[in-house]
Every structure is written in structure tokens, then in C-alpha cells.
A.B. asks: 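Input: one structure, supplied below.
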2 protein chains.
Amino acid sequence: MPHTYTYPRPALTVDIVVFGFDEGDLKVLLIQRGCEPFAGRWALPGGFVHLDETLEQAAERELSEEAGLRDVFLEQLYTFGALDRDPRERVVTVAYYALVKMSGHHLQASTDARAAAWHAVHALPSLAFDHAGILETALIRLKGKVRYQPIGFELLPAKFTLTQLQHLYEVILGRALDKRNFRKKILSMDLLVETAEVEQGVAHRAARLYRFDERKYRRLTERGFSFEI
Amino acid sequence: MPHTYTYPRPALTVDIVVFGFDEGDLKVLLIQRGCEPFAGRWALPGGFVHLDETLEQAAERELSEEAGLRDVFLEQLYTFGALDRDPRERVVTVAYYALVKMSGHHLQASTDARAAAWHAVHALPSLAFDHAGILETALIRLKGKVRYQPIGFELLPAKFTLTQLQHLYEVILGRALDKRNFRKKILSMDLLVETAEVEQGVAHRAARLYRFDERKYRRLTERGFSFEI
DNA sequence: CCAAAAGTGTTTCACTTACACCCATGA
DNA sequence: TCATGGGTGTAAGTGAAACACTTTTGG
């Protein structure tokens, strides 16, 4: 690393792909832009990195400011640095992806009064900048990671049925899973604890609710256990 | 993303963890710093991102300038943005990792006359900045990725013996592998082609040399094949 | 009593693992 | 001829995949 600091600098932003899961569909949180460029177009939440905050803090701040989301699963995705990704000037963006329990978070009106809304991943509008590419990268990451890390639970309510969990995996992985084999496998990992409750308000036999046991997972991981679907 | 561009900006650099494999050891390329801070300490090759180059181009340029390396495997690793990672001012760095065939590349004296040298991963000097953490992250990535992507070959000469390949995996994964099972598995993938040659200059039966067949791999991948050790 | 989803075991097959000896070569 | 690594097959065990019916509940 040179010792001079005289180069002109690219601008640095963070953008966040926020995933949710609802009504059997994978969703992404988008914000409608109020000004040029791409005024009126949908975009990922994000903004400039301040000098007194880390990248992750910048992402958390933007999530909080633009959508009222706090305390969600957040992980760095990739850094995008194409020369023309912003038509005005050189902007490098560090992309994150977040997983939120949609049932537990209500979207707040964004601080600066721009519209924030959930969109089904399979029915997206045209996006601003290179955000379609960022989203695509996030989907690939999610699809890969969900198989060997227990992050799927971040998208479900704290208590969920095995069928909900299976549907989640089916949507993310894009293929059907065998019900018996899925249950056998997930229960054999000993990561879920059965609650005393069952789902409410269904017109058929009510399914038992389970909870993901984070402590158990950590203990197993330390002993060399590795999650895999 | 806001529409104003008035914020002060962090400096933006790239740093590269260059892995090599030689004499049964995994190595990393380090550069001895000539000036403060950390004058005399070893550091990862890297430098500022220019406005007219992508992040990957910046990494390639630094590799070429500081070590004379060109046309190597290069992949983005992670972006590090801790507030105090550079004692002078705020610097965000996009880290890459590279895999090079040590037998095929000679280290050139660096353009600006700083020393570049290979260090065994298990006998590293104290590093400048947060470079020890970056290197650690790269090792974890390499260890994970080598199991499900055929990137190990990037570290070996174009023609190699099965024993060399096995040793490479053993060093990266940090555990012994069974010789017969390893050969069975790797050959059953049908990714290696036997050359007519054998290794030279050994005081025992000479091993056959193999070549990784990139075309075959791509064709298999398109048909849903997935590499796994 | 009907519709709808919950819940449950067994068999088959493929893959992984463990394991030991003879062979070829150069010194 | 000896030291050194090259090269090879089989059996046992484990985990994945395929597959269909009964149970519970609310309407």
C-alpha cells in the first residue's frame, strides 16, 4: 500500500438486499427513488458510508432509516465496482444481504418519505443502477448458503411448522423436497425444539410449532457438527 | 441512495492474498514496507483504486507492479472497513485472493524496489495493518472453496502427479486423505487426462503426470455435475 | 362426512470409508 | 539389493432417495 493519499477517490456506498418470506413467496424490499437518476424507479435500500461508521454500521443505519428495520440478520455479499454503475460519477458499493422475519417487522414509512415495499422475487420491476445484478448475486448466495448454514430460520417467525420450513427451502432451492425425508433429516439434527403449541385458524389438522434452538446449534458446531440440507 | 455527493470519502484500496504451493507447503506472497506506518513490516500487496479502473483491474495492476504476476486466478474475498485499520485515516480495502503456479512465475523485483517474498503460511512474520485478519479470512475461504470447486489446480503446474494433488489437498484441508480413495474419487470425475509423461529425476518409480481438463469440466458443469472432494 | 393437510417407516441403492500388498526405479 | 514412493481392489457401513396410507380437524 503506497504512503501517499493524493488520489481522487471513488464515492463509497452500501446497498442491501433485504429478503423476506411470506405467503409462500420469497420477497425483496425495494425503495422507490424520488430523484434523478432513475427517478421513480425501484432500487435497493442503501446510501453513503460515513467516515465514522463501519460498513456494517452503514448498512444497519440505512436499513433503519429507510425501512425502520433493526436487529436483522445481515451479511456482506460482494463489492461492486464497475466504472459506469452510476451515470454521474464513480461509485463503488459494498452490497449486503439481510434476512428478516416479515411477520415480526412492520415497514415504517421511510424517513425521507420515499415508498418502501415488498416485491416478490419472481415478479420484480425494472431496477435502478446495477441493482438487478446485485439482487441476482444475492439470490445465488442465498441459494448456496441456505444448504449448509441454518439461516433459513431468519426468514420464518420464531415458531413455525415443519411444512412452512419445507416450503421455504423449496422456494429458495427451486425444487420440491420429499416430505418424509425432509422431516427425518431436519429432526435428526436435533436443532429444533417442539413447542406445546400448534398453528391456529386452519381448516384442517393443526400442525405442531417448532422453534430453532440457537444455543444447541452453537454447541453442536463447536463439536464439529455441520448443518446440511 | 441519496442524490447528494457532498460527504467526505474514505480512501479505497485493494489488497491481495496471493497463495502459492511449493515443497509441500502453502505459501503467501508478502511485501516488505518501505515507509511508515509499519515501515519494515511485511504486508499484503495492494494499493489505491484509481478512478478509471475496476476493483479487479486495480488488483491485477498491483499484482503486476508489485510482483510481476499476470494472468493468475483472482477472486474477490471480502471488503474490510474497520474504522482504525489504518492509523492515518479512514481506509476501506477490498481484499482479493489469487492462486498462482509458483513453478511458472518468477517473482520480479517490485517496481518501487520493495522486497517481495514467499512465506510459508505456517511461519508468518507479524503483518502490517489488519493484514493478518485478511489472510485468515482468505485461508478460510480457500479451505471451503477448494472442496467444491476445482481451484486446487491453479496452484499446481499444468502437469502434476496424483500424489502432488493429494498433498495439496491435505495441506489446505489440514488432514490426511486416504490414497486409494482419493485417487478413485478424483479419477472417477473424469476431469483429469493422463499425459504420456512421467515425473523426472526421482529416486524411485516415476509417477504419471496428469493434466486438468478445463473444457471437460465446463461441459460437465453445464450438465449439472458438481465437483466435490 | 368430506376436504385438506399432518404425520409416520421401510427398502433400495449409491457412496464413503477402512484397509495392505506388490511393483518399478534409481542409487 | 535396498529404499522409496507408485499403484491397485474389496468388503462393510452409512446416508440418501423413493414411496402411500392413516390421522386429525374444521367446515
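Here is the naming used below: chain letters follow the sequence lines, and residue numbers restart at 1 for every chain.
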A.B. asks: Among pairs that include at least one residue of residues 192-203 of chain A, which meet salt bridge (Lys or Arg N to Asp or Glu O under 4.0 Å), considering only residues two or more places apart or in two chains?
C.D. replies: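 Found A:K159-A:E197, A:E194-A:R208.
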
A.B. asks: Holding to side-chain contact (heavy atoms from CB on, under 4.5 Å), I want the full list of residues that pass it with A:R218, two or more places apart in sequence or in another chain.
C.D. replies: A:E214

A.B. asks: What does the list of N/O pairs under 3.5 Å between the protein and nucleotides 12-19 of chain D look like, with a distance for each?
C.D. replies:
{"from": "D:dA16", "atom 1": "OP1", "to": "A:K185", "atom 2": "NZ", "distance (Å)": "3.1"}
{"from": "D:dA18", "atom 1": "N7", "to": "A:N181", "atom 2": "ND2", "distance (Å)": "2.9"}
{"from": "D:dA18", "atom 1": "N6", "to": "A:N181", "atom 2": "OD1", "distance (Å)": "3.1"}
{"from": "D:dA18", "atom 1": "N6", "to": "A:K184", "atom 2": "NZ", "distance (Å)": "3.3"}
{"from": "D:dC19", "atom 1": "N3", "to": "A:R180", "atom 2": "NH2", "distance (Å)": "3.3"}
{"from": "D:dC19", "atom 1": "N4", "to": "A:D178", "atom 2": "OD2", "distance (Å)": "3.3"}
{"from": "D:dC19", "atom 1": "N4", "to": "A:R180", "atom 2": "NE", "distance (Å)": "3.4"}

A.B. asks: Taking only residues two or more places apart in sequence or in another chain, which ones pass side-chain contact (heavy atoms from CB on, under 4.5 Å) with A:R211?
C.D. replies: A:V193, A:T195

A.B. asks: Please identify each residue that fulfils side-chain hydrogen bond (donor to acceptor under 3.5 Å, both in side chains) with B:S188, with sequence neighbours left out.
C.D. replies: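 By the side-chain hydrogen bond (donor to acceptor under 3.5 Å, both in side chains) rule, B:S188 matches no residue at all.
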
A.B. asks: Over all strands shown, is B:T161 touching base, sugar-phosphate only, or nothing at heavy-atom distances under 4.0 angstrom?
C.D. replies: nothing

A.B. asks: Output a table of nitrogen or oxygen pairs between the protein and nucleotides 21-27 of chain D separated by less than 3.5 Å.
C.D. replies:
{"from": "D:dT23", "atom 1": "O2", "to": "A:R205", "atom 2": "NH1", "distance (Å)": "3.2"}

A.B. asks: Rounded to whole Å, please give me the gap between CG in B:L162 and P in D:dG5.
C.D. replies: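 It is 16 Å, rounded to the nearest whole Å.
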
A.B. asks: Please list all pairs meeting salt bridge (Lys or Arg N to Asp or Glu O under 4.0 Å) that have one or both residues in residues 120-136 of chain B, counting only residues at least two apart or in different chains.
C.D. replies: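 Every salt bridge (Lys or Arg N to Asp or Glu O under 4.0 Å) pair that includes a residue of residues 120-136 of chain B, provided the two are not neighbours, is B:R85-B:D130.
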
A.B. asks: Is the A:F153 ring parallel, tilted or perpendicular to the A:F212 ring (thresholds 30°, 60°)?
C.D. replies: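 A:F153 vs A:F212 ring planes: parallel.
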
A.B. asks: Scan the side chains in residues 221-229 of chain A for donor-acceptor partners under 3.5 Å anywhere in the protein, sequence neighbours excluded, and list what turns up.
C.D. replies:
{"from": "A:T221", "atom 1": "OG1", "to": "A:Y217", "atom 2": "O", "distance (Å)": "2.7"}

A.B. asks: Describe the nucleic acid contact of B:R183 in one word from base, sugar-phosphate, nothing, applying a heavy-atom distance below 4.0 Å.
C.D. replies: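 It contacts base atoms.
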
A.B. asks: Give the first and the last nucleotide of DNA chain C, reading 5' to 3', that has any atom under 4.0 Å from a heavy atom of chain A.
C.D. replies: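 Boundary nucleotides touching chain A, in 5' to 3' order, are C:dA4 to C:dT10.
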
A.B. asks: Residues in side-chain hydrogen bond (donor to acceptor under 3.5 Å, both in side chains) with B:Y210, at least two apart?
C.D. replies: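 For B:Y210 there are no side-chain hydrogen bond (donor to acceptor under 3.5 Å, both in side chains) partners, ignoring immediate neighbours.
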
A.B. asks: Hey, can you pull the donor-acceptor pairs under 3.5 Å for the side chains in residues 169-179 of chain B, sequence neighbours left out?
C.D. replies:
{"from": "B:E170", "atom 1": "OE1", "to": "B:H167", "atom 2": "ND1", "distance (Å)": "3.3"}
{"from": "B:E170", "atom 1": "OE2", "to": "B:Q166", "atom 2": "NE2", "distance (Å)": "3.1"}
{"from": "B:E170", "atom 1": "OE2", "to": "B:L177", "atom 2": "N", "distance (Å)": "2.8"}
{"from": "B:D178", "atom 1": "OD2", "to": "B:R180", "atom 2": "N", "distance (Å)": "3.1"}
{"from": "B:D178", "atom 1": "OD2", "to": "B:N181", "atom 2": "N", "distance (Å)": "2.8"}
{"from": "B:D178", "atom 1": "OD2", "to": "B:N181", "atom 2": "ND2", "distance (Å)": "3.3"}

A.B. asks: I need the full list of salt bridge (Lys or Arg N to Asp or Glu O under 4.0 Å) pairs touching residues 141-153 of chain B, with sequence neighbours left out, sorted by first then second residue.
C.D. replies: B:E75-B:R141, B:E75-B:K145

A.B. asks: Expressed as a whole number of angstroms, how long is the span from B:I186:CD1 to D:dG7:P?
C.D. replies: 15 Å

